[in-house]
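Notes follow the structure.
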Amino acid sequence: MREFGGISLLIAALFMAFPTAARAQMEFSLDEVDEGDSKPAKESEDQGDLIDQLAASDDAEGGPTEPMPQREEIAEEIYAVQQIYALRLKRFELAPSVAFTLNDPYLKHYGLGLAGNYWFTNVLAVGINFIWYDWGTNPFERGTDLVPRIQNQFRLGVPINDWQFGLWANFTYVPFYGKFKVRKKIFQWDSYLIGGVGLMRTKPIAVFDPEFRSFDWRTNIAFNVGAGLRIFLTRYLTFFTEFRAYMWPDQFENTAVDPGAPEDSSTWLQSGSTFVANTSIQLGFTLFLPIKFEYRLPK
Amino acid sequence: MMTLVPQTLLRIGLVAALAVGLLLGEGLHSAASSASAQEVHVSGPLAGADAVKKLRLWREMRLHVEPFFAFTIGDEYSRSLIVGGELRFHFLDWLGIGGWGGYSVAKLDTNLTKEVESKGVTTNANRLDLPDRREFTQQVGRINWWSGVELHFVPFRGKLAMFQKVFFDADLDVFVGAAFVGVEERANAVGQPSLSDVSFCEIAGNPNDAGCLESQQARSKRTAIAPSFGIAFSAFFHDFLGIALRWRGIPFKYNTGGTDNNKDGVIDSNDRIRQFNNMFSVGLIFVLPPKIKTTD
């Protein structure tokens with residue numbers, strides 16, 4: 001029950017952050033975009049990305065040289081392919097989230113995260129994400145029932161590391177996107193792949209000789225890969241869930257104790273590193289900034 | 001570090017419930033509002049026309065035959081490598097029914113099992129749990145075969161491009177059903193003479209198994225019935241050929257370590273622990289009839 005209390009608090013905190021925006025209406029209406037900003041694209045010399053042509057940029061001062069066409073006429077001409085509901089191009093994404101570890105058999109870890117991404121194309125972003133795990137709780141209270149089973153049934157101690165935080169720089173790529181309908185609402189979704197490099201702060205929990213041993217947080221080089229699903233609630237607010245695998249080489253407590261010099265800290269850690277792969281589920285919201293963006297409609 | 005904690009199922013359920021809640025909440029909230037703006041704004045000659053023309057029907061009234069290779073993930077003591085097959089028939093492009101089965105062709109012990117084998121300690125206080133550490137793998141619970149029937153829903157489909165050169169259709173297949181699993185566990189045993197001082201075991205056919213060594217090797221088999229569910233990503237490269245990446249979860253109880261988990265001095269069905277058994281599979285899809293149909 002303590003676990004669910006923690007989960008509930010994290011999720012509740014996340015929802016409280018967006019009480020009204022999450023209920024915002026999503027309508028596939030041109031009205032939602034600034035009407036006056038829907039300009040026909042300039043005569044394009046380049047044959048580049050259509051998304052680039054559709055999204056207005058800061059330097060897109062060169063507007064139409066002809067009179068602005070009526071909106072109805074535009075709708076008549078571009079009915080075959082509807083505009084993408086929300087563009088990511090040249091927008092900044094801020095994403096608070098909660099993280100639950102899936103595969104640590106010995107210790108439960110709960111994290112609160114924040115990510116920021118800049119979308120330099122409509123499908124590619126670069127950014128960072130940060131997850132804080134250290135809430136000052138006794139790690140043994142977060143232990144799973146496997147630890148006492150191993151201790152009682154096999155007389156084995158289990159070296160366990162706790163986590164403080166992780167910080168990663170990532171690339172995000174969106175290979176899939178689409179729409180789905182729930183009753184009379186249509187939602188845009190996309191699925192993305194994410195990966196990057198960063199650091200993970202961990203420390204062993206003294207289990208084998210806690211009388212003498214104590215450990216400080218250490219920084220490990222870490223990698224991560226993952227995949228996620230994002231559902232647009234409005235043109236600037238999305239709900240997302242992602243599966244992430246955070247990996248790093250970690251040093252655990254030495255299971256052997258030197259009886260002659262138990263206070264010798266050079267004997268406290270195992271000599272080699274163990275590869276740790278933490279898989280986790282993250283849930284959160286993303287806020288796209290600027291909130292409004294402009295379409296430049298092709299002629 | 002690869003074992004799923006027992007609460008994983010609940011966490012995943014929480015994630016799913018949250019997502020469904022969000023979607024339904026949005027849907028219900030808008031139920032009284034006006035119709036989709038998307039329909040309203042299609043005012044040209046295509047107004048009222050089908051959303052998609054010439055849609056390729058990969059599944060409707062077709063049979064999918066899928067041999068697969070799978071491996072379990074998140075096991076405490078032993079992973080299974082599985083070879084099997086799946087058969088699905090879809091009445092509609094988004095709805096079908098199917099059956100699957102597989103056999104565990106190999107086992108991979110986890111690091112924890114190797115640790116127990118090399119460092120486990122046996123005393124009379126834990127002899128029932130670990131009669132001989134070197135033979136620990138003999139007492140570990142295993143899954144020998146897997147099968148099930150499932151309903152398949154395909155809510156999302158679309159097209160993918162790789163490097164703007166290779167294009168193929170893809171969809172997400174969500175399925176739910178029942179699984180029938182062949183479980184092999186350590187056979188029932190009673191530690192004697194007392195709970196905290198076990199020097200021999202009582203097992204079927206041997207009331208005086210010295211050191212519980214025979215008990216460690218004794219096995220029993222049963223068929224467990226459990227819910228199964230999962231999601232698959234399918235991509236189709238030819239009219240009759242595709243590939244499927246599939247995750248399937250099958251939660252049920254069994255005695256993973258062959259140990260006295262409820263500490264009553266007896267190894268029996270009461271020592272079974274709920275495990276969120278799940279597997280990942282890669283399959284090759286053959287579609288019959290091989291010729292694909294398209295909509296108007």
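Every chain is numbered from 1, with letters handed out A, B, ... down the list of sequences. A quick note: this is a predicted structure, and the numbers were derived from the prediction, not measured.
Of the atoms belonging to B:Thr123, it is side-chain heavy atoms, and not backbone ones, that fall under 4.5 Å from chain A. Contact annotation for A:Leu229: neither backbone nor side-chain heavy atoms come within less than 4.5 Å of a heavy atom of chain B. When heavy atoms are compared at a cutoff of 4.5 Å, B:Ala170 does not approach chain A at all. For chain A, the nearby part of B:Thr256 is the side chain; its heavy atoms alone come within less than 4.5 Å.
A heavy-atom distance below 4.5 Å is found between the side chains of B:Leu112 and A:Tyr106. Side-chain contact between A:Asn152 and B:Lys263 is present, with heavy atoms from C-beta onward closer than 4.5 Å. In this structure, B:Thr259 and A:Phe154 have side chains that are in contact, with non-hydrogen atoms separated by less than 4.5 Å. Proximity of A:Leu156 to B:Val121: side-chain heavy atoms (C-beta onward) are nowhere separated by under 4.5 Å.
Note that the OG1 atom of A:Thr255 and the NZ atom of B:Lys119 stand 4.0 Å from one another [nearest 0.5 Å]. We find the OH-CG distance between B:Tyr77 and A:Leu146 to be 5.5 Å, quoted to the nearest 0.5 Å. Once rounded to the nearest 0.5 Å, the distance linking CD of B:Glu76 with OG1 of A:Thr144 reads 8.0 Å.
Inspection of the B:Asn261 and A:Gln153 side chains reveals an N or O donor paired with an N or O acceptor under 3.5 Å.
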Test side-chain contact (heavy atoms from CB on, under 4.5 Å) applied to A:Arg149 and B:Ile273, step by step: CA-CA 12 Å; A:Arg149 274 199 282 137; B:Ile273 302 170; 3.3 Å; yes
